[in-house]
Amino acid sequence: MAAIPEKPTLDGLDERWSAAWEDAGTYRFDRTKRRPEIFSIDTPPPTVSGSLHVGHVFSYSHTDTIARYQRMRGREVFYPMGWDDNGLPTERRVQNYYGVRCESHLPYDPAFVPPEKPGKDPVPISRPNFLELCARLVAEDEKAFEHLWRRLGLSVDWSMTYTTIGTEARLTSQRAFLRNLARGEAYQADAPTLWDVDFRTAVAQAELEDRELPGAYHALRFHKAGGAGDLLIDTTRPELLAACVAVVAHPDDARYRSLFGAEVITPLYGARVPIVAHRLADPEKGTGAAMICTFGDLTDVTWWRELQLPTRAIVGLDGRIKHDPPEAFSADGHAAYAEIAGRTVKQAQKIVVEQLRASGELDGEPRPITHPVKFFEKGERPLEIVTSRQWYLRNGGREPELRAALIARGHELEWMPAYMRARFESWIEGLTGDWLVSRQRFFGVPFPVWYRLDADGQVLHDARLLPADDALPVDPSTDCPPGFDESHRDQPNGFTADPDVMDTWATSSLTPEVACGWATDPDLFARTFPMDLRPQAHEIIRTWLFSTVVRAHLEFDVLPWKHAAISGWVLDPDRKKMSKSWGNVVTPLEWLERYGADAVRYWAASGRPGTDTAFDEGQIKVGRKLAIKILNASKFALTVGGAGDGGNGAGASDAGGDVAAVTAPLDRALLAALGALIGEATAAFDQFDYARALERTERFFWSFCDDYIELVKVRAYGGETGAAAESARATLRIALSSLLRLFAPFLPYVTEEVWSWWRAGSIHRAPWPSVPELGVTGNPLVYAVAAEVLGAVRKEKSEQGVSLAWPVDRVVVGDTTERLAALDAARSDVCDAGKIAQLSTEVDGQMLVKVELAAPTGP
RNA sequence: GGGCGUUUAGCUCAGUUGGUAGAGCACCUGCCUUACAAGCAGGAGGUCGUGGGAUCGAGACCCACAGCGCCCACCA
């Protein structure tokens, strides 16, 4: 209990209460509670190597309001925070930050110290050294995030953080993978794969994005066998001509029907390729005939697979044309190929076009077009398709039954807002294959797999060596498989490690399992899983949400959570998707310091679930004003009539005041209206609609300040005694108690501050307000009519340009009998508040208020 | 091309069983009133995207169209 300040202020509240909550363990999770008593939240682990912007503050504030509401409802809230620190973003940040480059073949250098400043040329370092730097940098980043989150007032239990590269995450990912493997859900395949030539890794369908790029149609002259003329074929990728394995047209296309089964000879290279038919060939496009290359795009892959064509790959993992030409070229063909060998595809295209022009096999000039090209979402050059050995996880991409089961999971899940389910479904319906989970990178969870080598040192991919479950997590590049030691590594008849790491989503898809302790803490797991809520952004429904559903479905045959709350984006003030540069002009911490956490949270909570919201400094200012208003109104409610240090101390009831003392009709009317508000706010929160709960509460609160307090002020003042005065004072406290608790999920600092003036314990562990605790309530009409008449009196004074304290000789109110009766019940309050000498009423169908001001007195 | 969302005051947005348009900001006017001048009171401002339909009655329901945004698909 603290004294009520003479001049309440928001200054210093954030720091003071953050520290107090930490000391008191206010948000500590009590793991003795059982599953039904617990509300568990699968918090999104933010990418720590990314920049912090107000978008983070926005969506994490939403989740925190839900967490606080559930906690006040009596649920023990399991609200851990994770840090997503594995994967490419961290690698990239480490490379730039320290000026280093990971080279897997280098030996570990225990004495390595990164350069003070990144040099011009990156320093090549070993994989273990590189991983050390990753670990060092993410530790710093995570501190910055935690600082921001604490300041924002997230009610997270900070003793329960996890990271996606930590031991728990590696153990969970590897165990889950091995179980997937044992059940046949994970498998390895040597197949065409989308490949980023800069990152030198395979990427998954979920990580693709289209970008519009300029390109050009080139009409190539293929030669019919036996000199029977030419066949024109349009292509945007003439550089892949050497990889052409067939020409395809639609089976119904009359122009080509007679040619199916025949062969044509490719320009430049003189290779004989068949003309084949396939329904995906579009007669409307180009000449209606297309060349099939291995591989120019995903349609090529489909044709290649379904028509069982040979492979003639010419693009290497480095994105350059391979040096060995495919077979079946003519002598001139080999010469032509030699000129592009070793070149990038871009360079090769120029050369090939020149060669075609020279040979007369380019029909006309290239016709420029703009077309969508597939990119890795983090990449800078178009993806190539190369054949490589990769791990896959079944996700319904190739099995209708699994696909249907996952769509059914989407129906089982409760979405907020509900329409977001459509994105989940359309993603599943568009899957073209299983989930490619292996990445040729370093800072990730390694696949816990080794392979036998034969007597020649060749890898036997079918002869897998797996670790014992209790040995997990393992790093196969430094740990040895059972029965082998380091001397057998990479030796004939020995073993070699699987070189790949898992896709970052392969770990992130297990956040419920990681956070709830599936691998290490079965007791905790039983108390928290399946979880109650997954809050997340809509653009990662296809990745994070979907993959998490897949993993839980495969492993446990359940949904990982009951509800998914999808948040929108923060947009620039001009309503464009927020750009990095704009979002970083002022950092989130600076906003918090400028206006206080409550103010920023207020803005965030005004963004409805799933709705993109423009950043609005004005709303933050409004939030700050609201917080200040709460301080001042509370001070008044708690001190009026000398009640400041009175009877409602540690032992006060939930209601916050003496319910039995509430006797005046106006006061009882207020409690009736308050009860309705509590019902609305509770219903809104139960549907995760925090924005509605805030809006209703705020509206009520301003009316409470402007109307109710003004109406009862005189009655509640210190000079007054008796039941009427006590009734007003008790009602002020009771209403304040409820209102503070209704605001607590949004404005944790100011509400806690006021609560501490007069109540024991944290407001954030206080029970959510309820109608029963208000006791008997009255007719809300009394409050409504009294406020309206007072408003009419104010309006008259305002229009006459006099002070609101100006006396009124007489007011005549015309209204219905029922409303006049309600007014009569609050007659003295209305007269006191309006300084009205005489109030008379007359029954009338329509409300009419006539106000006669007192004449000016004196000079 | 398919789907989802959205369109209400100058700006940001509420408007949940259909009953004669709301809030905040900004703007204008007035007011030091014993919680609050980072305040209080008041005012002005909208044919609710367009066109149809069912209804006694539509911002809300149905249909079509348009703008904006997003998701998915197409990528020769």
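Protein chains get the first letters and strands the later ones, always in sequence-line order, with residue 1 at the start of each. All heavy atoms count here, side chains included; hydrogens, waters and symmetry mates do not.
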Sugar-phosphate, base or nothing in reach of A:Arg696, heavy atoms under 4.0 Å: base

Touch class at under 4.0 angstrom, heavy-atom based, for A:Arg699 against every strand present: nothing

Charged N-O contact under 4.0 Å between A:Arg237 and A:Glu384: yes

Spacing of A:Arg421 atom CZ and A:Glu414 atom CD [to the nearest 0.5 Å]: 12.0 Å

Touch class at under 4.0 angstrom, heavy-atom based, for A:Lys625 against every strand present: sugar-phosphate

Pairing string, 5' to 3', for RNA chain B - Watson-Crick or wobble contacts under 3.5 Å, brackets [ ] where pairs cross, | to another strand: (((((((..((((.....[..)))).(((((.......))))).....(((((..]....))))))))))))....

Side-chain N or O of A:Arg542 closer than 4.0 Å to phosphate OP1/OP2 of B:C71: no

A:Tyr217 six-ring face occupied by A:Lys285 cation (under 6.0 Å, within 45°): no

Sugar-phosphate, base or nothing in reach of A:Ala691, heavy atoms under 4.0 Å: nothing

Plane angle bin for A:Trp591 and A:Tyr595 - parallel if under 30°, tilted between 30 and 60°, otherwise perpendicular: parallel

Rounded P spacing from B:U50 to B:A60 in Å: 11 Å

Residue A:Asp210, side-chain atoms from C-beta onward, closest of B:G24, B:A76, B:C74: B:C74

Sugar-phosphate only, base, or nothing, as touched by A:Glu617 at under 4.0 Å among non-hydrogen atoms: nothing

Residue-level proximity of residues 413-426 of chain A to RNA chain B when a heavy atom falls under 4.0 Å: A:Tyr419, A:Arg423, A:Ser426

Polar pair under 3.5 Å, donor/acceptor by atom type, side chain A:Arg624, base B:A38: yes

Shortest side-chain distance from A:Ser798, nucleotide among B:G42, B:A73, B:A76: B:G42

Touch class at under 4.0 angstrom, heavy-atom based, for A:Ala805 against every strand present: sugar-phosphate

Nearest-nucleotide 5' precedence on RNA chain B, A:Ala633 against A:Gly430: A:Ala633

Residue whose closest nucleotide on RNA chain B lies nearer the 5' end, A:Leu431 versus A:Lys7: A:Lys7

Touch class at under 4.0 angstrom, heavy-atom based, for A:Gly801 against every strand present: sugar-phosphate

OG1 on A:Thr731 to OH on A:Tyr708, rounded to 0.5 Å: 4.0 Å

Pair A:Asp829 + A:Arg715: basic N to acidic O under 4.0 Å: yes

Nearest-0.5 Å distance, CG of residue A:Asp252 to CZ of residue A:Arg279: 12.5 Å

Per A:Trp427 side chain, nearest of listed nucleotides B:A14, B:C72, B:A76: B:C72

Lys/Arg N to Asp/Glu carboxylate O, A:Glu209 vs A:Arg211, below 4.0 Å: yes

Touch class at under 4.0 angstrom, heavy-atom based, for A:Lys795 against every strand present: sugar-phosphate

Among B:A76, B:A35, B:A14, the one nearest A:Asp297 by side-chain distance: B:A76

Close approaches to RNA chain B from residues 704-713 of chain A, in residue order (heavy atom, under 4.0 Å): A:Cys705, A:Asp706, A:Ile709, A:Glu710, A:Lys713

Note: A:Asp707-A:Arg794 ion pair, threshold 4.0 Å (strictly below): yes

Parallel, tilted or perpendicular: ring planes of A:Phe743 versus A:Phe701, cut at 30 and 60 degrees: perpendicular

Residues A:Glu698, A:Lys629: salt bridge by 4.0 Å N-O rule: no

B:A76 phosphate, OP1 or OP2, under 4.0 Å from A:His371 side-chain N/O: yes

Shortest side-chain distance from A:Leu804, nucleotide among B:G43, B:U33, B:C72: B:U33

